[in-house]
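Throughout, protein chains are lettered first and strands after them, A, B, ... in sequence-line order, and every chain is numbered starting at 1.
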Amino acid sequence: MGVTAILFWILSSLALLSAIMIVVSKNPVHSVLWLILVFFAISGHYLLLNAQFLAIVNIIVYAGAIMVLFLYVLMLIDLKKIVDPQRSLWIKLVGVATGCCLLLVLIAALSKADQTTALTQTIGGNIGLVENLGKILFSEYLVPFEISSILFLSAMVGAVVIGKK
Amino acid sequence: MPIYYYIVLAIVLFCIGIVGVLVRRNAIIVFMCIELMLNAVNLLMVAFSKMHHLKNAAINASAGSDGQLFVFFIMVVAAAEVSVGLAIIVMLFRNTHSVDINFLNRLKH
Amino acid sequence: MKEFLLVILVAPFVGFLINGLFRNVLSKKIIAFNACGQILISFLFSLVVFSTILESGGAIFEYYNFIKVGSFQIPFALQIDQLSSIFLLIITGVGFLIHVYSASYMKEESSAHFGRYFSYLNLFIFFMLLLVLGANFVIMFIGWEGVGLCSYLLIGYWFKNTEYNYAARKAFVMNRIGDLGFLIAIFWLIAKLDTTSFSIIFSNESLAKLSTLDITAITLLLFVGATGKSAQIPLYTWLPDAMAGPTPVSALIHAATMVTAGVYLVARCNVLYSLAPITQTIIVCIGLATAILAATIALKQNDIKKILAYSTVSQLGFMFFALGLGAYTAAVFHVITHAFFKALLFLGSGSVIHAMGGEQDIRKMGGLSKKLKITYWTFFIGCLAIAGIPPFSGFFSKDAILVSAFAKSPALYFMVLLGALLTAFYMFRLLFITFSGSFRGTKEQQQHLHESPAVMTLPLIILAILSLVAGVIGIPDVLLNGGDKLSEFLSPIIFVNNEHQLSHSTEYLLMGLSTILIIGVIVVAWVLFKKYKTTETVGIGKFFENKWYVDELYNKTIVNSINKLAKICNDIIEKSGIDAVVNGVGRLVHYGSRQLRLLQSGQVGNYILVMVLCMVLVFSFQFIFKK
């Protein structure tokens with residue numbers, strides 16, 4: 001087992017553990033922190049796959065911007081005042097069972113898929129570098145890129161309008 | 001690494017996200033679980049892009065970079081979604097003093 | 001010839017369509033002219049066809065395939081031969097006279113109802129022609145049902161009167177009972193022979209395929225149909241009630257034509273009946289019983305039309321009696337003469353009712369002979385004919401029946417002679433009470449008394465002449481060698497049985513005996529009823545007056561039990577069975593939707609749960625059934 005594999009397993013188990021903790025932890029702030037951990041683990045995966053640009057963006061956008069937004073919202077909401085709403089045990093069981101079923105079905109379907117043994121390139125490969133992605137982004141994907149900026153603008157306006165009401 | 005591992009990892013993360021959406025009533029946590037599901041998909045997308053690249057690098061030097069760009073766009077959309085979604089949650093709290101999604105039952109009427 | 005037959009058949013139908021569709025716009029004159037004209041066309045063409053038949057014999061014409069199921073097919077085919085041509089002439093000839101008579105008799109009706117009346121009448125002629133012209137049982141059955149329908153419509157013509165509607169319904173239902181027998185017989189024939197065509201069924205090879213049981217059952221079932229249509233025991237009670245319809249209708253449908261359809265049916269199937277001695281015996285019994293029962297009832301009735309109705313039932317009994325004896329020709333002969341004199345009597349009674357302003361009770365009449373001369377004399381001729389006085393037509397036809405009865409057994413002869421004497425008695429009772437003595441009605445009616453217009457009396461006179469002379473077609477060989485033209489004419493259809501030839505002296509003796517007895521009965525009737533006074537009837541008379549309480553018996557036994565059954569069906573099967581199912585479906589949907597409504601909780605969480613479950617289902621479905 002090489003270093004890559006060890007890193008993969010560590011990052012994977014970290015991501016899974018943190019993901020489970022998001023769901024089970026009672027305090028929303030803890031959930032947010034666990035989620036940030038998941039993002040870091042996933043960014044680690046990106047680095048492992050030599051997708052450096054995405055790894056950085058993931059940390060900046062998700063772990064940085066979005067999760068901070070979450071925390072701000074949690075701060076605005078007085079958590080002490082509200083009782084954390086809980087579903088009934090039965091609904092919880094059903095939800096878990098359903099999720100497990102989906103997992104089972106998807107994995108079972110996967111076992112029938114072909115090419116599952118194909119390898120991904122870890123460490124090597126330079127498509128994930130800023131230089132290469134930038135070239136493609138500003139040539140082939142220029143129009144979607146510009147449109148996404150309009151999407152951001154409208155989202156911002158929307159958030160402001162809703163927040164002001 | 002075999003792509004198989006990445007697929008299974010993504011599926012498990014995705015299903016944890018789904019379970020979270022199903023069992024929690026706190027709107028913020030539900031929202032976070034949705035982000036988790038998006039990230040699972042992103043991870044899978046990057047893994048596929050690298051798999052693709054490994055296979056076709058000889059033919060096309062930039063093979064697989066589309067996948068990574070799509071992840072980038074997904075992040076863009078997710079950021080926009082979160083900004084609006086959180087604004088809605090704040091509004092909900094201001095009106096109901098709760099973040100329980102069971103209050104969002106206006107679909108009934 | 002093929003086209004002629006079609007014209008004969010279609011002309012009344014065209015008349016029906018014109019009068020039926022345009023009854024609100026056409027004037028009465030045009031309606032009457034149209035209706036009578038169409039029948040006249042049919043009659044003239046029937047004459048042409050008849051003359052062709054005289055020369056060249058019968059034929060079958062196929063027009064198109066009516067029903068085709070696999071190898072089994074029923075063509076729309078018409079058969080014209082000696083038997084059907086005779087019926088053709090009676091139907092169109094008597095039908096035409098009655099149409100003309102109706103034009104005057106019904107003139108009080110409003111134009112729309114007048115049109116309705118004539119359209120029904122034309123439709124009836126159409127179906128009756130279809131009945132006698134059909135070359136197979138199915139076409140015949142269409143006509144058979146059609147005349148039943150027209151009969152129903154015309155009995156209930158004055159539909160505002162509930163009693164009349166009940167009478168119409170009774171006629172319809174009783175006919176249906178008989179029709180069921182007919183229908184089963186047709187099915188039986190199809191099952192056994194795979195055909196319904198007369199020509200094939202009556203051929204020797206087809207008959208060889210049928211067992212004795214088959215023939216007996218089929219003939220019996222056909223006879224059940226005939227008892228319904230021709231008002232024989234036990235299905236006769238509808239005919240007297242059918243007098244609710246207008247009098248010309250009674251003359252045409254319930255005396256001259258439709259009710260003889262049963263006779264036609266049996267005569268048409270004479271080949272089958274000759275092979276079924278059991279059925280023949282049953283027919284003899286029923287015919288005789290009907291003849292005498294109806295005659296006894298007629299003795300004590302006071303409604304002029306009811307008497308004639310029971311007389312019709314009784315005469316039909318005679319015909320069936322003859323059919324049962326195998327004397328098919330005699331039966332057909334009696335149908336012919338009966339059509340003339342019974343139509344005459346009914347039209348005469350119509351004329352009387354017309355003069356009396358709608359009064360039908362003979363106790364309130366009397367002495368009409370002075371005012372209604374033509375009606376009186378024609379009615380008198382009709383009575384003589386039906387009583388069987390030589391040389392009137394009824395004598396010859398009745399004699400033919402009597403002789404064939406004697407040839408079978410003297411006991412039968414005397415019983416049927418009793419029926420004939422009763423006939424003479426009640427007819428002359430009717431004649432004397434109505435036309436002799438003094439008038440017993442109101443002053444108003446007396447003022448109103450008048451002879452009917454020429455349009456009405458002319459058919460009476462023509463029918464009277466026919467009643468007088470129609471006998472010449474069947475003068476027995478004893479009186480005139482080769483005089484029995486009818487048997488000769490019908491011989492291709494009806495096998496003449498010459499086994500029981502009686503000696504000439506016996507025949508003379510029988511004729512003399514019956515004539516003398518009948519004249520004696522008439523004299524008795526004259527003595528009893530020339531000065532009629534209303535008296536309370538007692539004893540057996542009351543029994544007869546109440547029609548042997550047959551209607552009451554039927555009501556008690558059959559109608560009541562069926563009503564009870566219907567009530568049970570209504571209460572149990574309908575209300576708690578079918579209704580419960582229907583309402584149950586409604587209630588289930590109502591309940592289900594109320595439960596289903598709860599699913600729409602508005603809870604996003606639930607929706608997502610369902611969504612995920614569906615995803616699981618879709619994936620697993622794909623996973624399991626993909627390969």
Side-chain angles (χ1 to χ4, degrees), chain A residues 8 12 15-16 19-20 22-23 28 31 35 38-39 42 45-46 49 51 54 57 61 65-66 69-70 73-74 76-77 82 84-87 92 95-96 98-99 102-103 106-107 110 116-122 125 127-128 132-133 136-137 141 144 148 151-152 155-156 158-159 162-163 165, chain B residues 1-9 11-13 15-20 22-26 28-29 32-33 35-36 39 42-43 46-47 49-51 53-55 57 62 64-65 68-69 71-73 75-80 82-84 86-91 93 97-100 102:
Chain A
F8 174 84
S12 296
L16 289 178
I20 291 168
I22 299 166
V23 179
S31 287
L35 187 58
V38 172
F39 288 153
I42 287 175
H45 272 299
Y46 288 165
L49 289 164
L54 285 181
V57 169
V61 173
I66 293 180
L69 208 55
F70 268 99
V73 169
L74 282 176
L76 286 173
I77 295 165
I82 55 164
D84 190 36
Q86 288 290 322
R87 286 193 186 277
K92 275 182 181 170
V96 172
T98 313
L102 189 65
L103 180 70
L106 287 176
I107 295 209
L110 184 64
T116 48
T117 50
L119 292 178
T120 55
Q121 192 182 25
T122 44
I127 51 161
N132 294 320
L133 280 180
I136 297 169
L137 184 63
Y141 287 91
S148 65
L151 175 73
F152 259 126
M156 203 164 73
I162 293 170
K165 257 187 202 164
Chain B
M1 294 299 292
I3 189 70
Y4 185 74
Y5 292 168
Y6 282 101
I7 297 174
V8 172
L9 175 63
I11 288 174
V12 175
L13 281 175
C15 287
I16 292 171
I18 278 189
V19 171
L22 290 179
V23 300
R24 296 302 295 259
R25 276 169 68 186
N26 190 326
I28 296 171
I29 292 183
M32 288 196 292
C33 289
E35 295 304 314
L36 180 63
N39 265 279
N42 280 352
L43 174 62
V46 172
S49 102
K50 292 299 283 187
M51 179 188 100
H53 182 69
L54 184 64
K55 261 189 184 168
S62 64
S65 52
Q68 299 208 5
L69 277 171
V71 172
F72 175 70
F73 281 116
M75 283 177 184
V76 168
V77 172
V82 166
S83 61
V84 176
L86 284 176
I88 291 173
I89 290 175
V90 170
M91 195 188 67
F93 179 76
H97 294 282
S98 163
V99 287
D100 188 350
N102 281 10

Which atoms of B:Met32 are under 4.5 Å from chain A, going by heavy atoms: the side chain, the backbone, both sets, or neither?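 Interface part for B:Met32: both.
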Does any heavy atom of chain A fall under 4.5 Å from the side chain of B:Val90, the backbone, both, or neither of them?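 Just its side chain gets close to chain A.
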Could you list the residues that satisfy side chain to side chain donor-acceptor pair (under 3.5 Å) with A:Ser31, not counting sequence neighbours?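 Testing A:Ser31 for side chain to side chain donor-acceptor pair (under 3.5 Å), a comparison that skips the adjacent residues, returns A:Ser25.
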Which pair of non-hydrogen atoms, one from A:Ala155 and one from B:Val84, has the smallest distance, and what is that distance?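 Distance-wise, the nearest heavy atoms are O-CG2, 3.7 Å.
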For B:Lys50 and A:Leu49, work out which heavy atoms get closest and say how close.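 Heavy-atom minimum between the residues: CE-O, 2.8 Å.
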So what's closer than 4.5 Å to chain B heavy atoms on A:Val61: side chain, backbone, both or neither?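 A:Val61 touches chain B through side-chain heavy atoms alone.
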List the steps and the verdict of side chain to side chain contact (heavy atoms under 4.5 Å, CB included) for B:Ile18 and A:Leu103. CA-CA 10 Å; B:Ile18 278 189; A:Leu103 180 70; over 6 Å; no
Verdict with reasoning, B:Val77 to A:Ser148, per side chain to side chain contact (heavy atoms under 4.5 Å, CB included): CA-CA 8 Å; B:Val77 172; A:Ser148 65; over 6 Å; no
Check: B:Phe72 ring centre within less than 6.0 Å of A:Tyr141 ring centre: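 They do not qualify: ring centres at least 6.0 Å apart.
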In Å, rounded to the nearest 0.5 Å, how long is the span from CG of B:Leu69 to CG of A:Leu137?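 Rounded to the nearest 0.5 Å, the CG-CG separation comes out at 5.5 Å.
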Would a 4.5 Å heavy-atom cut-off, applied to side chains only, mark A:Val23 and B:Cys33 as touching?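 A side-chain contact exists here, since the closest heavy-atom pair is under 4.5 Å.
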Checking A:Leu16 against B:Leu9 for the side chain to side chain contact (heavy atoms under 4.5 Å, CB included) test, could you report, in this order, the C-alpha distance in whole Å, the side-chain angles of both residues, the deciding distance, and whether it holds? CA-CA 8 Å; A:Leu16 289 178; B:Leu9 175 63; 3.9 Å; yes
